[in-house]
Amino acid sequence: SIKGLIKKFSEFNNFFIILIFIILSLIINLKKSNENLEKFDKFHFNSYLNLKEHSFIKSDIHSIWNTASIFLNHDREGKKFFESGREYARSYLPPIIVYIYFKLVDEDIKDVGNYTNEYVTGVKYKLNNSKFGLIIFQNIFYFLSLIIFYFNTKSFIPKNILTIIILFLCFEPTISQWHTNFFTESIFLSLMILLITFLYNIKNTLISFFFLGLFVGVIYMQKNLGLYLIVPICIILFFVFKINALKNLPYLLLGFSIPIIFIGVHNNIRSGEFYFVPKHMKTAPYSYIQHKIISNKLSISETESLEIIKKNEENWIFKNNIDLNYELDRRKFYKYKQKIFIKAALDEPVFTLKYIVWKIMQSGILDPNYSYTFFKYQNNEKFWKYDNFRKNLYYKIIYSSLIYSISLLGLFVLFKHRNRKLITVSSTLIVFLTVVLGWVGVSRYFIPNLVPLSIFFGFGLNHILERMHILRN
């Protein structure tokens, strides 16, 4: 019919407009990425460590790329995959992605040689070795996830609101900055978009639950929080399907267990111990908070509390005959740190809770310039003490408040329309991500919240635009 043709033309026209914006965003990101590589694909002297350091591959990225280089070297030596790699310290998948990419382009990740006394951890990364292609891959994956999101939500999210949501995910600067560097956030944001798409369309079937669990397991391979993500996923499923969700829950857990078992088997073959929880997950709270708890409890300086911690560690290592040169002994040391932190946090629950809440508030301040600042300064430079940083902080607070206010309005709009599934999925994920990632107090870790938050933002901004249109007429 003519009406059907008009409707299809309208849908095609709307998608064509969105596709133009997606392509435009891709071009902008790649241009910025190229500029970053030209500026930061070099070495600088880290005065704190008294060593040279790659300006674009440092901190978390350095750890990931160093592991990727080990995988690549083991591959070239003829080692089997499950015998390759090194201790599982951070996320599992990112170094494998980097390793596979450089294997495909037949480039080295780092220069061969002994640079122990010259470069950080003795690693000299190779310059001008087709790094840009990895950023292209990240961006294409992200924008493909947006297209998948569009086609799987256009039947129940009005097109005006859906356009706003996708524009937000394309151009919001706090998000887009992560597509111009090698942090793990770009791929993780893509996976989060696919996850909410999956959850908005979930059916109470064996197949749906199994593949949802499998996908959450893959998210864990990319980002450690995925191990806990299965909990809010179960909550969402119970809200959506109520008691009927129980019959397919075992298949969700079965799918989820496959990536975890894969990681465990890899570690078992490589090290002789089956484990699937990385060092960072066991030790991060201890490293960030333990000295603060002791400092508060004993009313001493943080420097003194760090000295106490160091002495306690040395005593424990000596008493338990631990040799940190061996991975299995290091794993025991990580368990010690985890146990000590849990005990300290339970002994001082009020201080620990207040500290975590304060850090969550800090992490909630959106910082569109975070990555540039990170690469511009050395790791030891306290850039937050600079006047320029403090001045920009006020603008960041205002900007963040604006985003959150519009999103809160969107939540009220959804409540008014009783859209239970959108509210349940988005709000549950926001609460989970805030609690699990916010305690570090770093804006970067809060970024995944913007994916489910974008749904509320879309409904909120659309409501404002409709009111403005009514007032004009």
Side-chain angles (χ1 to χ4, degrees), residues 37 41-43 51-54 56-138 141 182-184 187 217-218 220-224 258-282 323-334:
L37 275 172
D41 191 16
K42 63 182 181 180
F43 298 99
L51 293 166
K52 292 179 183 177
E53 180 181 50
H54 196 285
F56 213 40
I57 308 172
K58 58 182 183 177
S59 187
D60 296 9
I61 306 173
H62 166 70
S63 176
I64 290 166
W65 281 51
N66 194 19
T67 302
S69 180
I70 292 170
F71 271 111
L72 187 60
N73 290 339
H74 285 171
D75 184 322
R76 289 172 177 172
E77 291 168 5
K79 276 191 176 184
K80 296 177 181 178
F81 174 79
F82 282 108
E83 297 172 349
S84 303
R86 63 172 183 171
E87 181 184 349
Y88 182 29
R90 289 183 177 271
S91 302
Y92 182 83
L93 195 56
I96 293 175
I97 292 173
V98 176
Y99 144 64
I100 291 173
Y101 169 75
F102 279 101
K103 177 178 174 147
L104 290 174
V105 298
D106 194 25
E107 287 276 9
D108 291 326
I109 297 174
K110 62 184 182 183
D111 289 330
V112 178
N114 185 3
Y115 302 103
T116 303
N117 299 319
E118 191 177 356
Y119 292 87
V120 174
T121 67
V123 176
K124 182 186 178 185
Y125 289 105
K126 189 176 179 182
L127 304 180
N128 303 314
N129 58 340
S130 305
K131 296 181 182 73
F132 189 57
L134 190 55
I135 291 181
I136 293 174
F137 162 73
Q138 291 180 172
F141 183 47
F182 299 115
F183 274 112
T184 60
I187 291 177
V218 171
Y220 172 55
M221 297 176 89
Q222 176 65 22
K223 207 78 167 174
N224 293 335
I258 291 173
I260 291 176
I261 293 172
F262 184 90
I263 295 172
V265 169
H266 185 179
N267 286 318
N268 185 58
I269 293 173
R270 182 190 52 76
S271 71
E273 180 179 345
F274 181 94
Y275 71 91
F276 53 84
V277 178
K279 167 192 172 181
H280 193 65
M281 282 186 71
K282 286 185 171 292
D323 186 347
L324 296 180
N325 292 314
Y326 294 97
E327 181 176 342
L328 299 187
D329 275 9
R330 291 197 298 272
R331 295 292 303 175
K332 294 176 184 177
F333 188 42
Y334 306 151

Taking all non-hydrogen atoms of both residues into account, name the closest pair between [X] and [Y] and its distance.
{"X": "A68", "Y": "P95", "result": "CB-O, 3.2 Å"}
{"X": "I263", "Y": "F276", "result": "CG2-CA, 4.0 Å"}
{"X": "P278", "Y": "R331", "result": "C-NH1, 3.9 Å"}
{"X": "R90", "Y": "N224", "result": "O-OD1, 3.7 Å"}
{"X": "N267", "Y": "R270", "result": "OD1-NH2, 3.0 Å"}

query: How long is the span from the CD1 atom in I269 to the CZ atom in F274, to the nearest 0.5 Å?
result: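 Between atom CD1 of I269 and atom CZ of F274 there are 10.5 Å.
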query: How long is the span from the CD atom in Q138 to the CD1 atom in I97, to the nearest 0.5 Å?
result: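 The CD atom of Q138 sits 8.0 Å away from the CD1 atom of I97.
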field: ring pair (Phe, Tyr, Trp, His ring centres under 6.0 Å) against Y275, all qualifying residues, sequence neighbours excluded
entry: none
- prompt: Taking only residues two or more places apart in sequence, or in another chain, which ones meet F82 in a ring pair (Phe, Tyr, Trp, His ring centres under 6.0 Å)?
  reply: F262, H266
Going by side-chain contact (heavy atoms from CB on, under 4.5 Å), name the residues that satisfy it together with [X], two or more places apart in sequence or in a different chain.
{"X": "D329", "value": "I322, D323, Y326, K332"}
{"X": "L104", "value": "I100"}
{"X": "E107", "value": "F102, V105, K126, N129, S130"}

message: Over 60° means perpendicular and under 30° means parallel, so tell me whether F137 and F141 are parallel, tilted or perpendicular.
response: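 Aromatic pair F137/F141 classed parallel.
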field: Of all pairs that satisfy salt bridge (charged side-chain N to carboxylate O under 4.0 Å, His left out), the ones with a partner from residues 66-88, not counting sequence neighbours
entry: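 Pairs touching residues 66-88 that pass the test: D75-K103, R76-D108, E87-R330.
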task: Apply side chain to side chain contact (heavy atoms under 4.5 Å, CB included) to F182 and L37, showing your working.
output: CA-CA 10 Å; F182 299 115; L37 275 172; 4.1 Å; yes
